[in-house]
Every structure is written in structure tokens, then in C-alpha cells.
Protein chains: 4
Amino acid sequence: MKKVKVAVIGCGTIAPSHIKAYTENERAEVKYLVDIRPERAETLAERFNVPNTMGNFRHILNDEEVEAVSICTPNDTHAEIAIACLDAGKHVLCEKPAAINMDQVNAMKAAADRNNRILNIGVVNRYNTAVNKIKDLIDNGELGKVYHVYCSFRAHRSIPGLGGPFTTKSKSGGGVLIDWGVHYLDLIFYSLGQPKILTVSGTAHSELAKNMKDYTYLNMWAGPPDYNGIYDVDDFVTGLIRTSGPTVSLNGAWAQNIGESATFVEFLGDKAGIKWQYGGDFKIYSAKDGVLYETIPSYTKADMFYEEIDGFIQSAMSNVKSRSNIDNVLVTSEVMEALYTSSEKGREIVL
Amino acid sequence: MKKVKVAVIGCGTIAPSHIKAYTENERAEVKYLVDIRPERAETLAERFNVPNTMGNFRHILNDEEVEAVSICTPNDTHAEIAIACLDAGKHVLCEKPAAINMDQVNAMKAAADRNNRILNIGVVNRYNTAVNKIKDLIDNGELGKVYHVYCSFRAHRSIPGLGGPFTTKSKSGGGVLIDWGVHYLDLIFYSLGQPKILTVSGTAHSELAKNMKDYTYLNMWAGPPDYNGIYDVDDFVTGLIRTSGPTVSLNGAWAQNIGESATFVEFLGDKAGIKWQYGGDFKIYSAKDGVLYETIPSYTKADMFYEEIDGFIQSAMSNVKSRSNIDNVLVTSEVMEALYTSSEKGREIVL
Amino acid sequence: MKKVKVAVIGCGTIAPSHIKAYTENERAEVKYLVDIRPERAETLAERFNVPNTMGNFRHILNDEEVEAVSICTPNDTHAEIAIACLDAGKHVLCEKPAAINMDQVNAMKAAADRNNRILNIGVVNRYNTAVNKIKDLIDNGELGKVYHVYCSFRAHRSIPGLGGPFTTKSKSGGGVLIDWGVHYLDLIFYSLGQPKILTVSGTAHSELAKNMKDYTYLNMWAGPPDYNGIYDVDDFVTGLIRTSGPTVSLNGAWAQNIGESATFVEFLGDKAGIKWQYGGDFKIYSAKDGVLYETIPSYTKADMFYEEIDGFIQSAMSNVKSRSNIDNVLVTSEVMEALYTSSEKGREIVL
Amino acid sequence: MKKVKVAVIGCGTIAPSHIKAYTENERAEVKYLVDIRPERAETLAERFNVPNTMGNFRHILNDEEVEAVSICTPNDTHAEIAIACLDAGKHVLCEKPAAINMDQVNAMKAAADRNNRILNIGVVNRYNTAVNKIKDLIDNGELGKVYHVYCSFRAHRSIPGLGGPFTTKSKSGGGVLIDWGVHYLDLIFYSLGQPKILTVSGTAHSELAKNMKDYTYLNMWAGPPDYNGIYDVDDFVTGLIRTSGPTVSLNGAWAQNIGESATFVEFLGDKAGIKWQYGGDFKIYSAKDGVLYETIPSYTKADMFYEEIDGFIQSAMSNVKSRSNIDNVLVTSEVMEALYTSSEKGREIVL
């Protein structure tokens, strides 16, 4: 069987999920691991038995054997690397968010279009089994008319890497909305069948760590804090989105003075409603013939990274666009940029 | 001690709360109970030992002994009765909502102003002990900067009197927003110290009983259903409000396909947050010196109807406006009307 | 409105459920309460405002105003009283079990037939809302083919009135099977649409109180124990029943050395299964498109005694047989007698 | 010390349990591993350091050094292989079930008898420590008279290898009864001291996968499904067994629409009862002097495969029959065949 040769660029925390999925896929083979810190590439190369490592991604552009790349680098480098790879004729799977603003995202899409190559974004929840079961239930009319979606991605103390790239707008493009909200919004638009976005209104706040040393936390992902660093991103965002289908309201927080995290999505239909715990299971609430039903489904969960990578390999081989192609995911970046713009102007944005 | 003589107009479900509070107040005395269905007035007169009943409120306008009236009639009659009473020189406590639209509310306020009389609205949560404790904590800076309020007034099956006045827009002025939302919004604006409202955006839906016979419920307040009646009001509303202080987001439902009711308000500050269960107690979430605190306050709860009536009697005697005067409560009606207008236009309203 | 005049014969523990239901029914009126201990009749007459009491039921037979009677006396008197009442032209609702053996039950049915009167048995679970919801789900095919029912009515320490009528076979006709099993078996046959019974095999044991003083218990209904009394009934029964529909297996115990009571019925279909907690709610287990569902229904529960009595009054007025008529319930007595016979012979009984 | 030389025939999933136990036993030595697929034998030979592998078991029959064999092949080959080995003078430990019908089982026993050789069946639960503790408690009279055993071996979704040998009657002899029930019934009869079986009545159903593609499951042992294969075995069985001691009732299912698996045995005595979770621990429920006791025993658990093999080696050396000899286990096969026969005829079988 033919195997697509792949390079994985960026060897940070998300990279092993990509590399493992390529390794387990019988139609793929990882030829290169790339990182500007060579020791990070070497550690993973040894772990996953990858033959080559490299410090500068540009060195692989001329290797015609490499047909596809995964980009797992910081957000502010996505556009540059993706465009270079696409222009070199590679298919690209770029981690989420697509980029740090719409100018970059549009330039990436243009590069994919002009080179007739696949550009997928790592919105891996489009391959989550629960999300797809929910999408099926909506598509089959089990919820009736879905008229509202409420989306809550709030934690009480979870700012990642305070003072580092996550909290520095020039590197990340934003805070909790860019980092967590991208997953929630994207999977909502996917589940709803990509409705047209009409208006976006929201407010983003940077509150709990504006004096970095005053931020109390119990543990810190991507930490410890760098008190000489920058904290200029949103730790809370609220918003209201009108679409050609349901309205969507959202509250998200990396940190907030609440008792426990509230991370879920509710799809509210006139026939039934679904509440999905992010990363977990869902319940269905319905009514029929005088009886209210609460239903708890069980199902076999696929490995969503395996499915994401397999879909990418399939697209790379066939040049057929899939659910996570930039054409479908672009709207998620548009809505996030509109939320930030609405927050700055204090007014609703009409798309 | 001088006693203010009072008439209570409308002898439905809310009237006993007023009559009882007047009866227990040593500065007040109920002289008349009024209802267009005389037997309703008579039943309560017997129960509370009130000397006179009357079928038409206009008959009391010329009784100069009556200085104050409580209006407990359906929403669509508030304006007519209140204006007539004010023009007859009476002080007025009118049940919430003030009226079914802003034209009526403004006319009521004008009548109070031109007659130099008190017009209070029955936003009784302004006298709820928990609400006032929360207001004190906010005023004292315990929450730091309050940057967002999230307001949830959602039940899973609670449409009242399907097909009756509650669900007939011409009689009620609206559904869950008018009926429940008025309390939540009003107490939020009160707790925040009456911030200026900047923008209002929202969507109201009439979904779960649009085919009345399909609506499944386990019990019904103000029921049973009248399937020959009308159902043209909102059973769900979502909204986003910008103020000179925090933003406010809200989700409210008389009925929705959710598992259990979610009726609470969260006041989110940069120093601490409060979650209040509507009608119950609250918790404070704060952080200091590396420790997160969850604090459960206990306090003696006053009878909020007694306090409301006592405040009204005091204002009637002194002609000094209080927290529930139309001047303070007007904004709540404005925001509700703006939410409905925004829903109809599909756009944000700038106030 | 015409009211059916009723006599209630037997004023023990079950009688108030009948009397209350008649009293609340606008088409019925209790004229007599009868008990051989007059003070029991008088106490209830005062409580429920019944005009007449009587010590001997035969005195009411000639009162033509009395059209219907409820029989709430001990099991061994059911047949004699019911036949006398039917022969006097009364409609009869007789508490469960119908009688203490099939000879008596057949004689009762013959009396109903020859007098063209209604004879209902107090199998009140046929009016339980949960049971009827389950029956609807089975009838609508939601469970697919129901191929087995497992029925567990086991308690760890619940022998009633040790040494009294409950445990004396000549008075009760049997133990846990007659007392509890009658409800379970009857509601199963009802839910399944009255399938034909093919074979019955079972064993009944009298074990835990065969030496009465050795029986350890935490509390005792219809107690205290009478150690001079008799204990000669089953405290455990196991059985297997083949029908024209599903097989039914059962384990029942008034008392057994188990950790906690296990009182439930499972309806097992090829499409879905239901587990009902006796006296409570039920869950539905199903599977579709690779997903397993656990569904928890909610519904408004009717008062089953009210419904039972209302159905009886309706039958008495119209002479139309209902779900609890002896014609439908007879099979339950047949199966119980067959279980006892099978136990004695150590062989399966073919009906 | 003399070591018994052994051949293990069949190198599937159960074989390693045998080989490991022989290897750890100082009186035994594995000389051959046999499998018709040579690579399976070789893999295990390498893992356990066994010197010889072979494709056809007949080649070892003439090796007089081999005194004993373990048969770990599919059910339908047990009889042929066991008889050939016994006729060649070997002692045999044959995995459970003994064979796929009583004709085969009887022929196996005849071969053991005429050759004066040991024939043990792999009913390994006879060596389970918990089972033996329970047997001791029963033997010592701690439960008083044991009058009933309830046996539940029900899972909600556990059909193994759909479409393969497990679900093909000609290869397996049956479904859940043969595969799981054999263990439960055998350990019950063992614990009770091998009572005489009087009657057997039961029904076996093949329901949940009769349309194989409609069978929903979360994972599958011995899978994946072969939709071109056969599914003609029982996935549910219910039964009632009368013995010279207690009655035994049973419900077993590989798959059923229930919420969670229920795999346990209850031994119900007039003095105490025991509930044993299959494969785990047990509790004792008793009563004395007005107190109910729930007792949780703890004990050191032996390796049941080690004990089984050690018992076999001891029998092979001494030619003394042990607890798992065909003479004791035969009844388990008789009961299973009677259950299947009863199911086909719709009548109880008298043994």
C-alpha cells in the first residue's frame, strides 16, 4: 500500500497526538520531525521511531517525497509556515486556531486555493464521537427545530502559562476565546450544519490576572508564571450570535470567581434538548405523550486524533475536501474576530 | 398613631401578600378590597377582616380617606387604574411589571409627576434580604470591579396557565421575560447601583407550546390549559446588555428541554464572585494569598412583602421616593421593551 | 348527577383507601360502613362522614338503594360475601386476592355471571400510572418482541403479622405469593395483554419463621407476633411460567437472608428493556445505531385508588366490564394455585 | 523429584493459563505445545520456553514420555481428542464444557473408565478460594438448611465473536449457557455437595443478534463480528432446577436490554444467606437474637489455575479422582442438555 510521507513541524505538547496518529495509520509515514529547538524533535523522534529531525522547516520544502505536513507551532507562526508549505505543493494540517487574525487566515486560504492543495485546521472535535452522534440526532430531526445553543466554557482557575505565549496577544491572537472558544464555536457550527452567521456581539475582559502576582491558582498548565512576561488577553468573554438557524449565546472564562468549572454545550430544540459535557458524554431531554424523558446514551468512542489524521491523509490522497477543511472552518475565525471587534467598539457587528 | 387608609384593587393570587402586609403594619389600614368579581373581594375581606368590598375601583376615587392603593390586577389594566388613582391624588403601589409597554409606563410616570404622588412598582426583590446583602458587598468593594453578571431564569416545564392571560400577549405584554425576567433584571440593576444602559440585544422565542396540545408538563400553575385560548408569548429569551458598569447576559425560559431548572444570578468581580439561587441563599467565591475561598453566609431573612409595603407607607406619609419608585424601576421596563424590539428586528438596540 | 350508593364491608387497613376514593368521586356516595367489630366501622364513619354503620353485611342486602359494595375483609371471607352480594343484585369490588383457592374464585365468577353483575378484583396496579405507561410502550412496539419478564418481590425481613391471619393458610390461602405475588403477576399479565398461560412450575418454602420465636425482624407490619398462632405459609417462592408470549421467571420472599430488598419487574424485549421499581419509577434500556441509551421518564402520577374506584363506578353504571373484572384477573389466581400445586407435587403443571 | 511430562493441545486464549501453571509446578514439565496453526504454538513455546511444537496432536500419542495432556481446543473437538489421548494411555484435563452434547460426554467418560485413566474437566471455579470458603460454610452448617440458590449471569452487551465459533451451535454446542452457565452451574453443584438433580425446566432465547447487523455493542471479545458467519445460539436462558437439596433458579444473558451486568450467585439458607459476586468476593447475611448481620469476609486468594493444574498432576501421579473428575462434573453437562431439551419441547424434563 502506498504511504503518504509526512513532516510534523513543531514538537510541543500537541505534536505527539499527531505523530502517534500518523504512526498508527497504515497509509502514512512520518519522515521528518521539525522544531527550532532540535532536542525537542529528537526526543520525539526516538520515542516514535522517526528517521529524521530538522531545525528549520524550510529544509523540507524541497523534499518532493514529503506530500503532507502537520503544523503544531505557536499560533503566530501558523500563517507563514502554512503558506510556505502550500506554495511548495504540500498538503497542510494546521493546528487550531487557524491563525491570529482574519488577514492571516484569508492569506492561508488563498495559498491553498492557488496551489490546489488541502488545508485542514486541527478542529479535532469535528471527529469527536459524541459530537458526531449529536450532529446525527440533529440531522435526523430528533431535536425538532433547534432554536438556541448555549455554550459555557468557564473554569475557575485555569489560565495557562501566565506571562508566556498563551497570554501574549501578539503571539496567541487572544486568550480564552482563541484557545478554548475556538473548539466550542467550531463544533457548534459543525453540528448545526454550518449556518450563515448574521450578527455577532460580545465583550472580552482581561480581569483576573491584570496584576499578575495577584492571580491565585492551584495549578498551572504550561506554567510556571513568568512575572516579567505579558498578560494582555481575554480571560472572560460573553457573546450573542444570530445565525440563519438558532441563536448562540456564550460565556467563557479561563478563570473566574465561580465555584466549579462549567464546560458544556446545550442544543435546545422544540422537540428535545441535548446537554453535552465538553470532552465527555451527553444527555437527551425530551417529552412525548405526557411523559418527560431523560436519556443517557452509551457508545464506543473513536480516537479523535486518529480520525482527524486519517481524514487528512484521505484528503491528501484524493484531493477531496473534508469537514475540517479551511472552507468549512473559516467561519469560526470570522466569528472570533467579530467578537473581539464588537468588544472593542461596544457594538454589535453585522456580517 | 395615624394610619394610612388603603384600597387594594384586584383580589387574585398576589393580593393576599399585600393585604397581609398592610394588616400587620401598625401605620396602615385596609379600607377597601376591590375586584370586578365581587366574590373574590368578599372572600379575602372575610379572611383579613376588611370592612368594605367594591366591584369597580372608580367608586373609591372620591373617598378622600383613601390615601394609597395597591394595584394587583392583570398587566394590561395597570396603566389605566394607576393613572386614574394618581389623578385622584392617591399614592400607588403597582404590581410588576409596571405595564405592558413603555408608552403606558411613561404615561404612568407622567401622572405621578404631575400629581406629585408616589408611584412604586412591586419589584419586591429590592426588599429581599439576600439581594440587599449582595448589594452591600458590591457597594463595599468586596467583589472588586464587577465586570459581568450572568442571569439564568430557566425552568424545564413551567408555562403558567397555557392559553390564559399569562400566554396572551395583549393581556400580559409578553411571556417569561415579562413574568420572571422583570424580577431578575430589576434586582440586578438595583444591586449594581442603577448603571446606565448602553446597548440591548436579544432574541425571544415561542417554541414549546406553539402547538398547545403538544406541550407536555407535569403540573401547571394558573392552569389547567385552555386549548381554545392564545399562546403568542416568549417561552425563551436570550440577551446581552452593555451598561456603564458590567455587561449582563441572560437566558430565561418558562419551559425548555433541559434536565432541571437553573434559576440563579452570578455577579462576577475581579476580586470575588457571588452566585445567588433565586429565592434562596448565595455563595461567595474569592481568592487571596494563594488560597481559593468558597464562603456560605447565613443571615436573618426579613419578610420582603412586609418591607415593600412598609417602604410604600413611609413614602406615602413623607412623599419621599424610595428604591422601588418608578424613577428607579423605569429602566427595567425599558430594557425589556428593547429586548423585544431587538428580537423583532434581529439587531442590537442602542439606548 | 345521579350518585351510586355504596357499602364498604370490612373496615381494616385497606378500607380507608376505598372510602376516600368514593368520597372524592362525584358519582358515588357511601351509605354504609360494615364491620363485625362495630367500633372500627364507627371510627371510619366519623372520619369520612358516612351516615350508617352496621355489624353484619347481610343487613344491607335488602336495601335496594345500595347498588355496589367494596369487600375489604380477610381473604377467607371474600367468596361468601361476594356471592351473597352478587345474588342480592349488587355490583362488587373485592379486594385482592380474589379468594383463597380456585374453587372459591370460580364460584364467585359464576355468581357474577348468573346475576349479570360486575365483579372487579382490587388489583389496583392495573391503575398505576407507571404500569400503564409501560403497557403503552409495549403495545406501541417500543420494546420490540418481549421475550422474558423477570419478577423479583423479595424483602429481607417483612413477614406481616406473624402468627395471625396473614400467616395462617386457612385464612389467607397462602403467604408471600398470595399477598405480594398477586400484584406482580397480575400487572405483568395485564401489561403483556393477557397472554395464554401454558405451563407453571415452582416451589414454595416456609423457612424463616418455621420456629416463630427464632424469627429476627426489625419491625413488623400487622404485628406484633402471636407466638401461639400459626405459621404455615410460604415466605419464599420461585417459579417459571411459559405463556403464549414471553416466559416469566420469579423469586419472591417476605423474608430472606439477603442484604436489601429487591422488588422490581424487568420486561425484556429484543429492541429495549424496562426495569420498574415496584411502586416507583422505571427506566428504559435501548440501543440504536451503535449507541446504548438509558432513559429516565417523568410523568404525572394519578391516584391509583381513585382510578380503580372510578372505573368500578363506571362499570356499575354501564354494566360494561373493565380491566380489573374477574374475567381478566381470574388467570392470576389460576397461576398462583398452579404454583402451589407444582410445589406440592414437585412437577410442572400444564394448564 | 519426578516430573510429569505434559502436552498442551490447542494454543488459543485459554492455553497460557494452563502452560503457566504447569511451568510453575515443580512436579510438571511441558514437553509439547500443539496447534493446527503452528505459529500459535511457536509463539507460546518461545514465551514459556517449551522445547517442542507440533501441528497434529496424533503425533504425540506414541510418545510414552507424555503422561498427561491439557485439551484447550474448540468445544466441538474435545471428545475426539480426549478419547484418542485416553486410549493412548494419557491422563486428560479437558477445558470446559466437557463437550457439545451428552453423547460425546458419555463417550469420553467411557474412554476414561476403560483405560483407567484420569479425565478432569476445566471447571476451574472448583479451585476458586471464595467458592471453597462458601462450600466450607455450607458444609459446616453456617447457613442452616440451604433451600434455594439464585444464579444470575447476565451482561448487557457481551456477545463474544459474533458470527464466529462462539455463536455457531455446531462448533460451540450452545451460547451463554454453555459458555458462562457451565461455570455457574458447576460451582453451585460443587458447593452444595453434588445433590441429585430431579427436574429441569428452562427456555433459551436467541434474540439480540438474530439480525446480526442490528446488534449494538460497545466492544466485543473474540471479535470483530463476521457478518457472513452464523448466529444460532442462546443469548438468554432462564431455568428452574429441582434437586434433592435446594431448588436452583437462573437467568443468564450474553446480552440483554438491562442497565448493568448482574453476575452473582445467592445461596439462601434458613439461618444465613450468601451473595457472591462472580469472580470476586462474597457477603454473609444472617440474623441472631434480634440482630441482622451483614458480614464481609477477607481471605488470601489462591491462583485457581495453579490449584487446578496441581490437582490434575496429583491425580495423574496417584490415579485418585478429584473434585473436577468427569464423574463429578458430568451432571453439569446433563443439566445443560436438559435445559436445551426443555426449551425445545416447552416442557419440564424429569431426570
Side-chain angles (χ1 to χ4, degrees), chain C residues 143-145 147-148 150 152 154 156-157 198-199 201-203 205 207-208 210-211 214-218 236 238-240 242 246-251 253 255-260 266-275 283-292 294 342-343 346-348 350, chain D residues 143-145 147-148 150 152 154 156-157 198-199 201-203 205 207-208 210-211 214-218 236 238-240 242 246-251 253 255-260 266-275 283-292 294 342 346-350:
Chain C
L143 275 60
K145 171 189 164 192
Y147 60 94
H148 189 71
Y150 177 54
S152 175
R154 299 200 296 158
H156 72 317
R157 281 298 179 286
L198 304 176
T199 67
S201 188
T203 305
H205 291 262
E207 300 288 351
L208 262 69
K210 57 196 165 196
N211 303 312
D214 290 351
Y215 174 66
T216 294
Y217 61 94
L218 301 186
F236 173 71
T238 185
L240 179 64
R242 285 187 187 81
T247 43
V248 178
S249 64
L250 61 97
N251 286 306
Q256 195 153 64
N257 287 310
I258 55 178
E260 51 190 22
E266 289 177 303
F267 296 87
L268 300 161
D270 62 2
K271 208 168 132 195
I274 282 177
K275 184 172 186 174
K283 292 190 181 179
I284 308 168
Y285 302 99
S286 59
K288 198 179 165 189
D289 298 339
V291 181
L292 301 181
E294 174 180 331
S342 170
S343 181
R347 287 293 179 279
E348 181 170 275
V350 180
Chain D
L143 275 58
K145 170 189 164 191
Y147 59 94
H148 189 70
Y150 177 55
S152 174
R154 300 200 294 159
H156 72 318
R157 281 298 179 286
L198 304 177
T199 67
S201 188
T203 305
H205 291 262
E207 299 289 352
L208 262 68
K210 57 195 166 197
N211 304 311
D214 290 350
Y215 174 66
T216 293
Y217 61 95
L218 301 187
F236 172 72
T238 186
L240 178 63
R242 284 187 186 83
T247 44
V248 178
S249 65
L250 62 97
N251 286 306
Q256 196 153 62
N257 287 312
I258 55 178
E260 50 189 23
E266 288 176 302
F267 296 88
L268 300 161
D270 61 3
K271 209 168 132 195
I274 283 177
K275 183 171 187 173
K283 292 188 181 178
I284 308 168
Y285 303 99
S286 58
K288 202 178 163 189
D289 297 340
V291 182
L292 301 182
E294 173 179 330
S342 169
R347 288 292 179 277
E348 183 169 273
I349 304 301
V350 180

Considering only heavy atoms and a distance below 4.5 Å, find which of D:Gly239, D:Gly269, D:Gly346, D:Ala255 pairs most often with chain C.
-> D:Gly346
Side chain, backbone, both or neither: which part of D:Leu218 has an atom under 4.5 Å from a heavy atom of chain C?
-> side chain
Can you tell me how far OH of D:Tyr150 sits from CG of D:Leu268, rounded to the nearest 0.5 angstrom?
-> 11.0 Å
Residue D:Val291 versus chain C: region with a heavy atom under 4.5 Å | backbone
Between D:Gly290, D:Ser286, D:Ala253, which has the largest tally of heavy atom pairs under 4.5 Å with chain C?
-> D:Gly290
Checking C:Arg242 side chain against D:Gly202 main chain: does a donor-acceptor pair fall under 3.5 Å?
-> yes
Top contributor to chain C contacts, counting heavy-atom pairs under 4.5 Å, from D:Leu198, D:Ile274, D:Val350 | D:Val350
Do we see a donor-acceptor contact under 3.5 Å between the side chains of D:Asn251 and D:Ser152?
-> no
Which one of C:Glu266, C:Glu294, C:Lys288, C:His205 has the most heavy-atom pairs closer than 4.5 Å to chain D?
-> C:His205
Which atoms of D:Arg347 come close to chain C, meaning under 4.5 Å heavy atom to heavy atom: side chain ones, backbone ones, both, or neither?
-> both
Specify whether D:Phe236 and C:Tyr147 have parallel, tilted or perpendicular ring planes, treating 30° as the upper limit for parallel and 60° as the lower limit for perpendicular.
-> perpendicular
Out of D:Lys283, D:His156, D:Lys275, D:Lys271, which one racks up the most heavy-atom pairs below 4.5 Å with chain C?
-> D:Lys271
Measuring heavy-atom distances to chain C, does D:Asp289 have an atom under 4.5 Å in its side chain, in its backbone, in both, or in neither?
-> backbone
